[in-house]
> 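I'd like to ask some things about the structure below.
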Amino acid sequence: MKWTNTVVPTLRDNPQEAEIPSHQLMLRAGLLRKLAGGLYTFMPLGFKALRKVEQIVREEMDAAGALEVLMPALQPKEIWEQSGRYEKMSKAMYSVIDRQGREMELGPTHEEVITDLVSREISSYKQMPVTFYQIQTKFRDEIRPRFGLMRAKEFIMKDAYSFDASWDEADSSYQKMYDAYIRIFERCGLVVKPVEADAGDMGGNWSHEFMVLADSGEDGIVECSACSYAANSERATFKYVEAKQYDDAEKNLEEVHTPAAKTIKEVAEFLKCEERRLIKTLIYTADDKPVAVLLPGDREINETKLGHLLDANEFKLADDASVETVTGAAVGFAGPIGLDVPIYADVSLKGVAGAYTGANKTDYHYSNVNLERDANVEKYEDLCLATSGDSCPECGAALNECRGIEVGHVFKLGDKYCKSFNAKFLDQNGKEQVITMGCYGIGVTRTLQAIIEQSHDENGIIWPMSVAPYVVDIVVVNPKHEESMTLALQLEKQLEADGIDTIVDDRKDRAGVKFKDADLLGFPIRVVIGQRSLDNGNVELKIRNQEDSKLIEVDKILLKLKEIYRS
RNA sequence: CGGGGUAUAGCGCAGUCUGGUAGCGCGCUUCGUUCGGGACGAAGAGGUCGCAGGUUCGAAUCCUGCUACCCCGACCA
């Protein structure tokens with residue numbers, strides 16, 4: 001492809017709308033243009049790279065035995081009611097009303113459609129295991145689209161669904177997908193970390209996320225410094241430090257005057273004790289009913305874990321007014337003692353004594369709190385956010401925190417969807433059973449941007465060979481020089497014949513402009529054809545992620561390029 | 001939805017405080033000189049100053065309302 005025959009609108013300055021490197025680079029390199037928030041057009045080179053990522057995904061899914069299908073993006077509302085997810089998901093779905101007045105949803109995901117299909121088509125153990133997948137545009141009415149392709153309202157996803165006759169077989173389908181994911185991301189040139197994850201609204205009881213480590217990542221990850229344990233912060237657990245008896249457990253409760261000391265820090269300073277000795281009391285409203293949640297004073301709440309415990313459609317930290325109504329005191333003096341709402345406490349508080357907590361009375365706290373004696377705790381549950389320095393639940397070594405971009409997610413769903421769609425089969429004994437399901441997603445467009453986020457320098461993108469829009473960039477220093485152009489076009493033809501995507505920079509600009517754009521676009525291999533070196537029978541070869549360039553004889557360059565491409 | 005910010009030419013910005021009819025750099029067009037790491041000169045094209053009201057002889061600038069975009073949180077591939 002000649003540069004002058006395609007459209008590569010590079011920008012010299014970073015657009016003000018982009019914050020993170022990959023988003024800035026996609027815009028600057030002319031790979032992407034915005035239509036509106038969360039909606040982007042792929043420009044010719046961006047689209048080429050996207051297609052390559054898709055193709056890698058497709059090849060590995062095929063190799064894993066998955067069958068490619070294409071499901072409708074437009075889905076009747078009824079199937080969402082049938083799965084019981086309509087209420088939870090409707091906020092995130094774009095709905096349209098057709099001329100019959102029927103409500104249709106633009107698919108945010110396809111568990112319902114595929115399970116409906118499978119319930120009709122699969123009826124025997126002989127038809128399983130089977131895994132279907134598709135690569136398709138998904139629509140989600142995101143609360144806040146962000147960072148270009150990272151969180152968009154419309155994005156391309158590879159979604160796969162496995163169906164098995166038993167849990168054991170489902171495990172092996174899950175493992176196959178897991179392994180395929182590892183290969184896919186490796187082929188994309190990504191360093192990816194699989195982490196244990198929460199299943200969220202998808203349901204099921206076991207899942208892994210594939211994380212691209214990056215400071216700009218939206219997810220928190222906790223990983224062990226010694227063993228292989230790694231988990232999304234939402235799910236991460238850690239070894240609890242035993243609850244302490246700070247003082248004689250039998251001492252009587254006592255009110256302590258703590259004027260104007262509201263925050264944990266202020267109270268701890270006032271009482272001259274460590275923050276951990278305070279019992280933090282958070283008031284939440286779950287489906288409009290108040291509940292109290294107790295944590296050690298030095299800990300943060302893990303709202304995902306709390307959500308599982310409360311099992312409510314909606315819950316949030318109560319506003320100041322509700323807190324005051326519930327506790328009868330100003331915000332900052334809430335405590336579990338005498339509180340007439342359900343009380344849940346973190347497991348590490350079981351058996352605590354000699355602690356402090358709010359007295360539900362403005363400017364007062366209690367001392368000598370023996371939680372089990374003094375408060376009516378409904379349940380002790382793991383509710384804390386794991387953090388750096390906590391002990392690994394597997395091996396006890398210190399945990400570290402980092403951030404990641406979720407590019408893939410695999411779930412074991414069990415019978416969640418198959419049950420509601422009545423997807424059953426007859427086993428060897430002629431007995432009817434519910435099919436066991438798994439689902440597996442890769443954010444294809446997000447993966448593309450994650451590649452850039454992980455592989456760039458101050459001059460631009462550094463594409464891995466496998467997904468570069470063009471592998472070789474032939475820079476013709478002076479396109480009016482006939483010998484240079486002839487050689488460039490001949491080389492292009494030979495490379496293309498070998499399946500090596502090549503672009504010839506035939507613009508009339510000065511060499512510096514073309515070099516800058518070559519770096520910005522991040523083509524893995526650059527060949528410079530200039531009159532000067534050509535007179536000595538040479539062209540220049542430069543690898544994007546290496547410092548130096550070298551001169552290669554004209555008649556050896558083709559072989560050399562093929563060799564580099566294959567390595 | 002809550003909190004913060006921004007909106008002036010394709011991109012990056014100044015001008016707004018103190019009202020007087022819009023400017024800079026890059027990019028774009030034409031010509032000339034240049035030509036291996038974002039050249040130089042000359043001549044051009046391009047803007048309802050986000051939108052709608054209001055104040056004023058006069059509004060990019062002051063007032064009111066709205067919208068879009070970006071960042072922080074809940075949602076997620």
Side-chain angles (χ1 to χ4, degrees), chain A residues 9-20 23-24 27-28 30 33-39 57 88-89 91-93 108-110 135-160 181 197-202 207 209-212 216 218-219 232 234 303-304 307 314-317 319 404-411 439-450 459-460 475-481 484 507-520 526 528-534 539-540 542 549:
Chain A
T10 57
L11 265 22
R12 197 182 283 235
D13 303 305
N14 274 323
Q16 157 217 254
E17 72 188 53
E19 192 96 344
I20 65 171
H23 188 199
Q24 292 174 337
L27 293 171
R28 273 193 64 203
R33 285 294 182 261
K34 184 174 77 178
L35 171 66
L39 300 172
V57 171
K88 258 199 168 141
M89 299 289 281
K91 287 164 284 161
M93 292 197 289
T109 178
H110 284 248
I135 297 172
Q136 191 213 32
T137 300
K138 299 283 189 265
F139 300 87
R140 290 186 191 175
D141 192 356
E142 291 287 345
I143 303 165
R144 180 151 89 91
R146 233 195 302 209
F147 301 146
L149 302 177
M150 287 299 182
R151 180 168 301 281
K153 293 178 169 174
E154 185 186 314
F155 62 97
I156 296 174
M157 174 157 127
K158 185 286 302 173
D159 45 323
Y181 275 33
D198 186 78
D201 286 337
M202 212 55 83
S207 90
E209 287 167 338
F210 292 77
M211 294 288 193
V212 172
S216 59
E218 293 186 278
D219 289 275
N232 191 308
E234 293 174 349
E303 289 200 339
T304 305
E314 205 174 3
F315 72 95
K316 57 176 196 292
L317 203 55
D319 56 36
I405 300 162
E406 180 191 353
V407 288
H409 202 158
V410 295
F411 304 83
C439 76
Y440 317 91
I442 289 180
V444 178
T445 39
R446 181 185 282 180
T447 298
L448 181 71
Q449 191 172 330
N459 296 317
V475 175
V476 182
V477 175
N478 177 10
K480 276 187 276 192
H481 180 62
S484 299
R507 289 178 295 174
K508 289 185 176 67
D509 292 271
R510 315 184 102 229
V513 174
K514 300 184 207 180
F515 294 154
K516 286 285 182 192
D517 275 348
D519 289 343
L520 177 60
R526 190 178 82 194
V528 183
I529 300 181
Q531 236 165 305
R532 236 163 45 199
S533 43
L534 203 54
V539 295
E540 182 191 296
K542 165 88 168 61
S549 60

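Values reported hereafter were calculated over all heavy atoms of this structure, with side chains retained and with hydrogens, waters and symmetry mates removed. In what follows, chains carry the letters A, B, and so on, assigned in the order in which the sequence lines appear, proteins first and then strands, with residues in each chain numbered from 1.
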> Considering just the side-chain nitrogens and oxygens of Arg146(A), establish if one lies under 4.0 Å of OP1 or OP2 belonging to C72(B).
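Indeed, a polar side-chain atom of Arg146(A) lies that close.
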> Base, sugar-phosphate, or nothing: which does Asp519(A) touch, judged by heavy atoms less than 4.0 Å apart?
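Base contact - Asp519(A) has a heavy atom under 4.0 Å of at least one base atom.
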> Could you pick out which residue, Ala511(A) or Glu218(A), lies toward the 5' side of RNA chain B when each is mapped onto its nearest nucleotide?
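Looking at RNA chain B, the more 5' nearest nucleotide goes with Ala511(A).
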> Could you state the atom-to-atom distance from NE2 of His409(A) to P of A77(B) in whole Å?
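The answer, rounded to whole Å, is 6 Å.
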> What distance, rounded to whole Å, do you find between the two P atoms, one in A42(B) and one in G25(B)?
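A42(B) and G25(B) have their P atoms separated by 11 Å.
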> For atom C1', what is the distance between G27(B) and U21(B), given to the nearest Å?
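Between the two C1' atoms, the distance is 27 Å.
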> If you assign each of Gly148(A) and Gly512(A) to its closest nucleotide in RNA chain B, which residue comes earlier from the 5' end?
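Looking at RNA chain B, the more 5' nearest nucleotide goes with Gly512(A).
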> Using Watson-Crick or G-U wobble geometry with both distances below 3.5 Å, tell me the partner of U29(B), or none.
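Across all strands, the one nucleotide that pairs with U29(B) is A43(B).
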> Check whether any side-chain heavy atom of Lys91(A) lies under 4.5 Å from a side-chain heavy atom of Asp141(A), and answer yes or no.
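In short, these two side chains do not touch, never coming nearer than 4.5 Å.
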> Suppose we define a pair by two distances each less than 3.5 Å, Watson-Crick or G-U wobble; what does A7(B) pair with here?
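Pair assignment: A7(B) / U67(B).
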> So what does Thr447(A) hit on the nucleic acid, given a heavy-atom distance under 4.0 Å: a base, only sugar-phosphate, or nothing?
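Here Thr447(A) touches no strand at all.
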> Figure out the CG/P separation between Leu149(A) and A77(B), and round it to whole Å.
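Taking CG of Leu149(A) and P of A77(B), I get 17 Å after rounding.
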> Donor-acceptor pair under 3.5 Å: do we get one between Arg144(A)'s side chain and the base of G3(B)?
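For Arg144(A), whose side chain was compared with the base of G3(B), there is no donor-acceptor pair (under 3.5 Å).
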> Within the 4.0 Å heavy-atom criterion, would you say Lys34(A) contacts the bases, only the backbone, or no part of the nucleic acid?
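Lys34(A): backbone/sugar contact only, no base atoms under 4.0 Å.
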> Any side-chain heavy atom of Glu218(A) sitting closer than 4.5 Å to one from Ile405(A)?
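No. Closest side-chain heavy atoms not under 4.5 Å.
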> Who pairs with Tyr440(A) by ring pair (Phe, Tyr, Trp, His ring centres under 6.0 Å), at least two apart in sequence or on another chain?
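By the ring pair (Phe, Tyr, Trp, His ring centres under 6.0 Å) rule, Tyr440(A) matches no residue at all.
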> Decide whether a cation-pi geometry holds between Arg446(A) and Phe147(A); the criteria are a distance under 6.0 Å from NZ or CZ to the six-membered ring centre and an angle within 45° of the ring axis.
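Arg446(A) over Phe147(A) ring: no.
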> Checking all strands, does Ala197(A) fall into the base, sugar-phosphate, or nothing category for heavy-atom contacts under 4.0 angstrom?
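Result for Ala197(A) = nothing.
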> What pairs with Arg12(A) under salt bridge (Lys or Arg N to Asp or Glu O under 4.0 Å), at least two apart in sequence or on another chain?
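Arg12(A) satisfies salt bridge (Lys or Arg N to Asp or Glu O under 4.0 Å) with no other residue.
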> What pairs with His409(A) under ring pair (Phe, Tyr, Trp, His ring centres under 6.0 Å), at least two apart in sequence or on another chain?
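In terms of ring pair (Phe, Tyr, Trp, His ring centres under 6.0 Å), with neighbours along the sequence ignored, His409(A) is linked to Phe411(A).
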> Please work out if Val513(A) contacts a base, only the sugar-phosphate, or nothing of the nucleic acid, heavy-atom cut-off 4.0 Å.
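Result for Val513(A) = base.
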> Determine the Euclidean distance between corresponding P atoms of C71(B) and C62(B); express it in Å to zero decimal places.
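Comparing P positions in C62(B) and C71(B) gives a spacing of 27 Å.
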> For atom C1', what is the distance between G15(B) and C24(B), given to the nearest Å?
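G15(B) and C24(B) have their C1' atoms separated by 10 Å.
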> Using both distances under 3.5 Å as the test, list the Watson-Crick or G-U wobble partner of A22(B), or none.
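Result: none.
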> Any N/O pairs under 3.5 Å between the protein and nucleotides 43-47 of chain B? List them or say none.
none

> For the side chain of Phe411(A), starting at C-beta, report the closest nucleotide among A77(B), C72(B), A39(B).
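Nearest nucleotide to the side chain: A77(B).
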> Taking OP1 and OP2 of A39(B), is either one under 4.0 Å from a side-chain nitrogen or oxygen of Arg510(A)?
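Yes, because at least one side-chain N or O of Arg510(A) sits under 4.0 Å from OP1 or OP2 of A39(B).
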> Select base, sugar-phosphate, or nothing to describe what Phe147(A) touches, counting heavy atoms under 4.0 Å on all strands.
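The residue Phe147(A) makes sugar-phosphate contact but no base contact.
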> Please classify the nucleic acid contact of Gly530(A) as base, sugar-phosphate, or nothing, using heavy-atom distances under 4.0 Å.
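Base: the residue Gly530(A), judged by heavy atoms under 4.0 Å, touches a nucleobase.
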> Please report the distance, rounded to the nearest Å, between CG in Leu520(A) and C1' in G37(B).
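Distance check: Leu520(A) CG to G37(B) C1' gives 14 Å.
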> If we only count heavy atoms from C-beta on, is the Val528(A) to Ser549(A) side-chain gap below 4.5 Å?
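They are not in contact (no side-chain heavy atoms under 4.5 Å apart), so the answer is no.
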> A77(B) C1' sits how many Å from Lys153(A) NZ, rounded?
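Atom NZ in Lys153(A) sits about 17 Å away from atom C1' in A77(B).
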> Base, sugar-phosphate alone, or nothing: which one does Arg33(A) contact when heavy atoms must sit under 4.0 Å apart?
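Touches nothing.
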> With both distances kept under 3.5 Å, what pairs with C62(B), Watson-Crick or G-U wobble?
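Because both required distances fall under 3.5 Å, C62(B) counts as paired with G54(B).
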> Suppose we screen for salt bridge (Lys or Arg N to Asp or Glu O under 4.0 Å). Which residues come up paired with Lys316(A), at least two apart in sequence or across chains?
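Expected list: none.
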> Output the single nucleotide from G37(B), A77(B), C75(B) whose closest atom is nearest the side chain of Arg140(A).
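Closest nucleotide among those given: A77(B).
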> Suppose we screen for side chain to side chain donor-acceptor pair (under 3.5 Å). Which residues come up paired with Thr10(A), at least two apart in sequence or across chains?
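Partners of Thr10(A) by the side chain to side chain donor-acceptor pair (under 3.5 Å) criterion, ordered by chain and then number, come out as Asp517(A).
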> Rounding to a whole Å, what distance do you find between Asp198(A):CG and A77(B):P?
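One finds 11 Å between P of A77(B) and CG of Asp198(A), rounded.
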> May I have the distance from Arg532(A) (atom CZ) to G37(B) (atom P), rounded to whole angstrom?
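In whole Å, G37(B) P and Arg532(A) CZ are 8 Å from each other.
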> NA contact type, Val444(A), heavy-atom cut-off 4.0 Å: base, sugar-phosphate, or nothing?
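No contact.
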> If the C1' atom of A14(B) is compared with that of G23(B), how far apart are they to the nearest Å?
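Comparing C1' positions in A14(B) and G23(B) gives a spacing of 7 Å.
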> Do the side chains of Leu520(A) and Asn459(A) get nearer than 4.5 Å, heavy atoms only?
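Answer no - side chains too far apart.
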> Quick one: list whatever passes salt bridge (Lys or Arg N to Asp or Glu O under 4.0 Å) with Asp219(A), sequence neighbours left out.
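Scan of Asp219(A) (salt bridge (Lys or Arg N to Asp or Glu O under 4.0 Å), adjacent residues dropped) gives none.
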> Send over the distance from Lys138(A) NZ to C76(B) C1', rounded to a whole Å.
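Rounded to the whole Å, the gap is 14 Å.
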> Using atom P of each nucleotide, how far apart are A9(B) and C49(B) to the nearest Å?
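So the two P atoms sit 10 Å from each other.
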> For Thr445(A) and Ile156(A), which heavy atoms make the closest approach, and how far apart are they?
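So the two residues come closest at OG1-N, 3.2 Å.
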> Which is true for Asp509(A) with a 4.0 Å heavy-atom rule: it touches a base, it touches only sugar-phosphate, or it touches nothing?
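Asp509(A): no heavy atom of the nucleic acid under 4.0 Å.
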> Is Phe155(A) stacked on the base of A77(B) when the test is centres under 5.5 angstrom and planes under 30 degrees?
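Here Phe155(A) meets both the 5.5 Å and the 30° conditions.
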> Salt bridge (Lys or Arg N to Asp or Glu O under 4.0 Å) with Glu142(A): which residues, sequence neighbours excluded?
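Counting only residues at least two positions away or on another chain, Glu142(A) forms a salt bridge (Lys or Arg N to Asp or Glu O under 4.0 Å) with Arg151(A).
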> Taking atom P in both C51(B) and A60(B), compute the distance separating them and give it to the nearest angstrom.
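Nearest-Å result for C51(B) against A60(B) at atom P: 11 Å.
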> For G27(B), does the base pair up with any side-chain atom of Arg28(A) as donor and acceptor (N or O, under 3.5 Å, distance only)?
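Between G27(B) and Arg28(A), which were checked side chain against base, a qualifying N/O pair under 3.5 Å is absent.
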> For G12(B) versus U6(B), give the span between their P atoms, rounded off to a whole number of Å.
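It comes out at 16 Å once rounded to the nearest Å.
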> Rounded to whole Å, please give me the gap between CG in Leu35(A) and C1' in C69(B).
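Going from Leu35(A) (CG) to C69(B) (C1'), I get 13 Å.
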> Just by protein heavy atoms under 4.0 Å, how would nucleotides 7-14 of chain B read 5' to 3' in B, S and -?
----BSS-
> Just name whichever nucleotide pairs with C1(B), Watson-Crick or G-U, keeping both distances under 3.5 Å, else none.
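Its partner is G73(B) (Watson-Crick or G-U wobble, both distances under 3.5 Å).
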